[in-house]
*Asks:* 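Sharing a structure here in structure tokens format.
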Amino acid sequence: MAVAMFMSIGMDAQSTAEDLRDKADSLYNIQQYDEAKTVALEGLDRLGKGRDADATSDIVEETKGDLLNLMSIINVRQGNFEQAAEYAKQCNDLDLKRGDPDMISSSYNTLTAIYMSMRQPKEAEKYILKAMEYAKKADNPQRKAVLNGMASEVYHKLGQEEQSLDYATRAYQLEQQLGRKDKMAVRQAQRAASLISLKRNVEAEKALGEAIPGLRESGNRHSLGIACNQMGLLLHQQQNDSAAVRYFNEALKIFLDQKDLYNESASRKGLYEALRDTDPALAMQHNDRYLELRDSIYDSETGELLSKYAAEYGNYELQTENEEMQRTNRLYIIIGIVVLILLLLGWLLHYRLMRRRQRLQQELNAQLQQSLDKLTAENKRLNQQDEEVVSDESREFQLKIIGIVNQQMEKGDVSVDSLASELCLSTTQLRSRINDLTGETPQNYILGIRMQKARHLMMAQPSLAMGSIALRCGYEEKASFSRAFKRYFGMSPTDYLKSDTQNKPENGVL
């Protein structure tokens, strides 16, 4: 019921493509893949028809890239690799055009995951190395941790287990530095895969002994299923098949619920091996399903499509190198002229830049002053007893929302559905109450709480890294946090810190 209500809100004609992107992302995070796909496609359709007339081209391209990447990941989760590859390639082309190294590394990572799912690790290696190259330019520690984890899986499939273990260990160490216990559990599961192949079973069992409880605690059922498959494999190698069957069955239930055909096939194969001696009939049932899945997932048409994309990748790289060489040669020819022109026009450029900076600062001050006036008026309204005010019960309701959202931020799982559940309300009832009290949608109200906490942390602790601020505000990735911050305050976090602190709006929601 809650999901249906969420969907009705997501398809509201008032929603922009950005709203639809955020709603699709929330649905994906709670593993409602079909619903997330429907909302994401609506967002892409809105962008394609140009219905978001107020959006700038940068916002349109950013939103489109996010939606394409989300569609790719959803299709990977559902085993639709051909569609996943198509969306991932579109996203990567758009990211390369925009030139954002963090987003480029993300879309290359998505392509890596697709090739891994298609059992083409040599092609995947090409993409993951390119992703890590761009991640160095972006200097995003969260992204580096994810990419090192993916590299571990690539080299595991290539049979280069020592290299795989090295990447997984680096990923684990990065997660330790970031303080992300749920991700540390994922990295331990990746380390275990290599350790099992290296016959270092004692270390592998220790790693899984940390990973599985951590994944259960964090609610990451997908990674939990993978770890259970690994534990089942380890126990089967140790000839403890009764215990192995329990872990394989737990993994199978998870992947059946998630309709994850790729990992379901691994569970079926493990159950066949573990049950072969004690229950041959049941073992053959699992084996038949495994063979059916293997044949349906890895069809020749999808393999040909991915090979075509691999060829396109190589041609693009060659073309890029040739263009770079041509640009370098031209640069050497005209460099003297450029230097002379720069010297002659330097004073004019400086003057124009100063004037532009003054104008932008005046506009920023005006916007911030407007926000301050609005907030002051709201506080005055709340404190006047002889005018229409929000009741004590309403103020208590708002404070309760703020407290719940702060708890969600600490857990890294902020959503309208979970807020409504904590308040014992339906999503529709929550939307109505928040709109009556504030005139805002639940998404915007929650965004305001998160952004004000971010502003407070930035002002109180200027030396705090943006990645840490993002995590404390419930954002797993710095890039998602930066986009939300820019939508709310009209400027990036870095520009906000550099602007005149005396003109920043004060807010007491925290």
Side-chain angles (χ1 to χ4, degrees), residues 2-95 97-98 100 102-104 106-111 113-114 117 146 222 258-262 413-418 427 441-444 446-447 474-477 479-484 487:
V3 170
M5 294 176 181
F6 195 103
M7 285 293 298
S8 68
I9 296 172
M11 306 306 288
D12 194 318
Q14 298 297 322
S15 296
T16 66
E18 292 178 80
D19 294 330
L20 292 169
R21 173 198 60 193
D22 294 341
K23 291 165 188 172
D25 188 58
S26 297
L27 286 166
Y28 170 80
N29 287 333
I30 59 174
Q31 299 174 354
Q32 297 291 340
Y33 299 136
D34 289 335
E35 293 82 356
K37 184 187 292 185
T38 300
V39 176
L41 286 172
E42 173 68 13
L44 288 170
D45 179 65
R46 176 174 290 276
L47 291 174
K49 294 180 179 179
R51 283 184 281 173
D52 288 347
D54 295 335
T56 67
S57 59
D58 287 343
I59 294 176
V60 168
E61 289 189 350
E62 178 182 342
T63 304
K64 183 178 180 181
D66 291 341
L67 288 168
L68 289 170
N69 186 60
L70 185 60
M71 283 296 298
S72 176
I73 297 173
I74 292 171
N75 279 288
V76 168
R77 285 283 185 262
Q78 294 184 325
N80 304 321
F81 299 115
E82 182 173 347
Q83 292 182 23
E86 291 173 354
Y87 283 114
K89 188 64 170 60
Q90 292 178 49
C91 179
N92 184 246
D93 289 343
L94 183 60
D95 289 339
K97 176 183 174 184
R98 292 172 58 207
D100 184 332
D102 193 45
M103 292 299 100
I104 294 172
S106 176
S107 56
Y108 273 129
N109 186 52
T110 302
L111 282 166
I114 296 172
S117 299
V146 171
H222 185 263
Q258 295 183 346
K259 300 179 182 179
D260 185 336
L261 304 182
Y262 176 72
D413 181 20
V414 182
S415 70
V416 174
D417 281 349
S418 58
T427 308
T441 64
Q443 290 88 354
N444 286 340
I446 291 173
L447 177 63
Y475 291 91
E476 186 171 308
E477 294 192 356
S480 299
F481 166 71
S482 295
R483 287 195 298 268
R487 289 200 301 272

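Below, all heavy atoms of this structure are taken into account, side chains as well, without hydrogens, waters or symmetry copies.
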*Asks:* Find the distance between CG (Leu111) and OG (Ser72) and round it off to the nearest 0.5 Å.
*Replies:* 7.0 Å

*Asks:* Would a distance-only check, ignoring hydrogens and angles, find a side-chain to backbone donor-acceptor pair under 3.5 Å from Asn29 to Asp25?
*Replies:* yes

*Asks:* Excluding sequence neighbours, so at least two apart, what forms side chain to side chain donor-acceptor pair (under 3.5 Å) with Asn69?
*Replies:* Thr110

*Asks:* In chain order, what residues pass the side chain to side chain donor-acceptor pair (under 3.5 Å) check against Ser418, with sequence neighbours excluded?
*Replies:* Gln408, Ser415

*Asks:* For the CG atom of Leu67 and the SG atom of Cys91, what is their distance to the nearest 0.5 Å?
*Replies:* 9.5 Å

*Asks:* Heavy-atom distance under 4.5 Å between the side chains of Thr16 and Thr63, does that happen here?
*Replies:* no

*Asks:* Suppose we screen for side chain to side chain contact (heavy atoms under 4.5 Å, CB included). Which residues come up paired with Gln78, at least two apart in sequence or across chains?
*Replies:* Tyr33, Asp34, Lys37, Ile74, Asn80

*Asks:* Taking salt bridge (Lys or Arg N to Asp or Glu O under 4.0 Å) as the test, write out the residues that go with Arg98, two or more places apart.
*Replies:* Asp95

*Asks:* Who passes salt bridge (Lys or Arg N to Asp or Glu O under 4.0 Å) against Asp260, sequence neighbours left out?
*Replies:* none

*Asks:* For the side chain to side chain contact (heavy atoms under 4.5 Å, CB included) test, which of Leu70, Thr38, Val39 pairs with Leu27?
*Replies:* Val39

*Asks:* Answer yes or no: is there an ion pair linking Asp93 with Lys89, defined by an N-O contact shorter than 4.0 Å?
*Replies:* yes

*Asks:* Report the distance from atom CD of Gln32 to atom CD of Gln258, rounding to the nearest 0.5 Å.
*Replies:* 10.5 Å

*Asks:* Quickly, which of Leu94, Asn92, Leu68 forms a side chain to side chain contact (heavy atoms under 4.5 Å, CB included) with Ser107? Name it, please.
*Replies:* Asn92

*Asks:* What are the two closest heavy atoms between Ala17 and Gly43, and how far apart are they?
*Replies:* CB-O, 4.0 Å

*Asks:* Could I get the full list of side chain to side chain contact (heavy atoms under 4.5 Å, CB included) partners for Asp100, not counting sequence neighbours?
*Replies:* Asp102, Met103

*Asks:* Step by step, would you call Leu44 with Met71 a side chain to side chain contact (heavy atoms under 4.5 Å, CB included)?
*Replies:* CA-CA 10 Å; Leu44 288 170; Met71 283 296 298; 4.1 Å; yes

*Asks:* Sequence neighbours excluded, which residues qualify as side chain to side chain donor-acceptor pair (under 3.5 Å) partners of Glu477?
*Replies:* Arg143

*Asks:* Phe481: which residues meet the ring pair (Phe, Tyr, Trp, His ring centres under 6.0 Å) condition with it, sequence neighbours left out?
*Replies:* Tyr475, Phe485

*Asks:* Taking side chain to side chain contact (heavy atoms under 4.5 Å, CB included) as the test, write out the residues that go with Asn444, two or more places apart.
*Replies:* Glu440, Thr441

*Asks:* Taking all atoms of both residues into account, what is the closest heavy-atom pair of Phe81 and Ile114, and its distance?
*Replies:* O-CG2, 4.2 Å

*Asks:* Can you check salt bridge (Lys or Arg N to Asp or Glu O under 4.0 Å) on Arg487 and Asp22, steps first, answer last?
*Replies:* CA-CA 12 Å; Arg487 289 200 301 272; Asp22 294 341; 3.4 Å; yes

